[in-house]
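One structure is given here, and the rest of the page talks about it.
Just so you know, residue 1 is the first one in the sequence shown, and it goes up from there.
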Amino acid sequence: MSNRAGLASHLAVGILAFVAGIGIPLAFSATRHSPPTTRHSTHGEWVWIHRGADSLHAYVGYPERRDKAPAVIVIHEIFGLTDWEPTMVDSLAARGFVAIVPDLLSSRYGHSPSDPDSGVKLVSGLDPAAVTADLDATYDYVNKLPAVRKDDIGVIGFCWGGTQSFRYATDNPKLKAAVICYGQTPDSAALARIQAPLLGVYGESDARISLTVPATDSMLHKLGKSYRYTIYPGTGHGFLKPGRKGYDTPSRARAWSDVLAFFHRQLEK
């Protein structure tokens, strides 16, 4: 039995060495609650942000530049953190920003589940105050990075994350910019607290959200807030993500260009 065990052990080590040698990522980790450690950028890394007794997992991407950079917080969709959001971090980093996406399920559940339905269930049950606390911890973390220009920080969110981006702008007066990608509008009483300029990105065929935008625009205009929005033709809900209606149209490229121009204008002052 001991010889068999030894042989099995050597075989396992050999397999692991072979897999690592040809560059195939291992599908398991040291702890049950550790998410995949895929590197999405040569200048990206996974970090743990400590908030009291809780820890928040996040992916950070850095640009190649000689000076300090403004930063952007990315908020994931209702499915939890998936492989897609870190690619958005990398895209922002490639355009000169330090970007960070926290897994907003990690401080309670260790990591986002791989099953989308489970992610929806868990994210839907998050307490807004707890989400704000996690976003505040993310803001404080990125604001202290040596590569970041202090206080030049914006936020962007998608779907559920777009709603949270809008809501976080009502909670954090230090934000310099907020992008809402097809997210819902917060309670009208909270809108008066917004200090950051806002950019709205909406899909033409997303009536549940886009038909509420004129009323939102009217409320913000009366409050004297800076809010610009575009409803992009030929698109639906979530069109900035592959596989969604409108992703393979010029509208997606135009929307992304508008987002980048907005962040450069508001954060590079």
Value rounded to 0.5 Å, distance of [atom1] in [X] from [atom2] in [Y]:
{"X": "D258", "Y": "R265", "atom1": "CG", "atom2": "CZ", "answer": "8.5 Å"}
{"X": "M219", "Y": "L191", "atom1": "CE", "atom2": "CG", "answer": "5.5 Å"}
{"X": "L135", "Y": "L104", "atom1": "CG", "atom2": "CG", "answer": "5.5 Å"}
{"X": "T132", "Y": "Y139", "atom1": "OG1", "atom2": "OH", "answer": "14.5 Å"}
{"X": "I194", "Y": "F166", "atom1": "CD1", "atom2": "CZ", "answer": "5.0 Å"}
{"X": "I100", "Y": "N143", "atom1": "CD1", "atom2": "CG", "answer": "11.0 Å"}

Over all atoms of both residues, closest heavy-atom pair of [X] and [Y]:
{"X": "S251", "Y": "P233", "value": "OG-O, 2.7 Å"}
{"X": "A177", "Y": "A196", "value": "N-CB, 3.8 Å"}
{"X": "S210", "Y": "A207", "value": "OG-CA, 3.5 Å"}
{"X": "R51", "Y": "A133", "value": "CD-O, 3.4 Å"}
{"X": "T249", "Y": "G246", "value": "OG1-O, 2.6 Å"}
{"X": "C181", "Y": "L240", "value": "SG-CD1, 3.9 Å"}

Do [X] and [Y] land in one hydrophobic cluster if side-chain heavy atoms of ILVMFWY residues count as linked below 4.5 Å?
{"X": "V155", "Y": "V148", "value": "yes"}
{"X": "Y247", "Y": "L260", "value": "no"}
{"X": "V74", "Y": "V201", "value": "yes"}
{"X": "V131", "Y": "V142", "value": "yes"}
{"X": "I180", "Y": "V123", "value": "no"}

Would a 4.5 Å heavy-atom cut-off, applied to side chains only, mark [X] and [Y] as touching?
{"X": "K176", "Y": "Q195", "value": "no"}
{"X": "Y59", "Y": "E45", "value": "no"}
{"X": "F79", "Y": "S112", "value": "no"}
{"X": "P113", "Y": "L105", "value": "yes"}
{"X": "D206", "Y": "F239", "value": "no"}
{"X": "D217", "Y": "Y229", "value": "yes"}
{"X": "W256", "Y": "M88", "value": "yes"}
{"X": "L81", "Y": "P102", "value": "no"}

For the side chain of [X] and the backbone of [Y], is there at least one donor-acceptor N/O pair under 3.5 Å apart?
{"X": "T235", "Y": "E204", "result": "yes"}
{"X": "S218", "Y": "A215", "result": "no"}
{"X": "Q266", "Y": "F263", "result": "no"}
{"X": "R65", "Y": "G96", "result": "yes"}
{"X": "T216", "Y": "T212", "result": "yes"}
{"X": "S257", "Y": "A253", "result": "no"}
{"X": "S124", "Y": "K121", "result": "no"}

### Message
Walk me through whether Y232 and Y202 qualify under side chain to side chain contact (heavy atoms under 4.5 Å, CB included).
### Response
CA-CA 6 Å; Y232 293 88; Y202 304 98; 5.9 Å; no
### Task
Could you tell me whether D134 and R108 make a salt bridge, using a distance below 4.0 angstrom between a side-chain N and a carboxylate O?
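Salt bridge flag = yes for R108 with D134.
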### Query
Any Lys/Arg nitrogen of R167 or D171 sitting under 4.0 Å from an Asp/Glu carboxylate oxygen of the other?
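Yes.
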### Message
With salt bridge (charged side-chain N to carboxylate O under 4.0 Å, His left out) as the criterion, how do E268 and R149 come out once you've worked through the C-alpha distance, each side chain's angles and the decisive distance to 0.1 Å?
### Response
CA-CA 10 Å; E268 293 275 15; R149 286 208 325 240; 3.3 Å; yes
Does any donor atom in the side chain of [X] or [Y] lie under 3.5 Å from an acceptor atom in the other side chain?
{"X": "S106", "Y": "D103", "result": "no"}
{"X": "Y168", "Y": "N172", "result": "yes"}
{"X": "S55", "Y": "H50", "result": "yes"}

### Task
Identify which one of V98, I73, V72, L267 satisfies the side-chain contact (heavy atoms from CB on, under 4.5 Å) criterion when paired with I153.
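Running side-chain contact (heavy atoms from CB on, under 4.5 Å) over V98, I73, V72, L267 with I153 returns exactly one hit, I73.
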### Message
For L199 and I156: C-alpha separation, side-chain torsions, deciding distance, then whether side chain to side chain contact (heavy atoms under 4.5 Å, CB included) applies.
### Response
CA-CA 9 Å; L199 178 70; I156 183 172; over 6 Å; no
### Task
Please report the C-alpha distance between K174 and D151 in whole Å, then the side-chain angles of each, then the deciding distance to 0.1 Å, and finally whether the salt bridge (charged side-chain N to carboxylate O under 4.0 Å, His left out) criterion is met.
CA-CA 7 Å; K174 296 181 290 185; D151 298 330; 6.0 Å; no
### Pairs satisfying salt bridge (Lys or Arg N to Asp or Glu O under 4.0 Å), at least one member in residues 223-249, at least two apart
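Salt bridge (Lys or Arg N to Asp or Glu O under 4.0 Å) check on residues 223-249 returns E77-K241, E77-R244.
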### Query
Mind checking whether H76 and W160 have parallel, tilted or perpendicular rings, split at 30° and 60°?
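It falls in the parallel class, under 30°.
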### Residues, nucleotides or ligands: over 12 heavy atoms within 6.0 Å of K68 NZ
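Yes, enclosed.
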### Message
Taking ring pair (Phe, Tyr, Trp, His ring centres under 6.0 Å) as the criterion, tell me which of W46, Y141, Y109 meets it with H57.
### Response
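Testing each of W46, Y141, Y109 against H57, the sole residue satisfying ring pair (Phe, Tyr, Trp, His ring centres under 6.0 Å) is W46.
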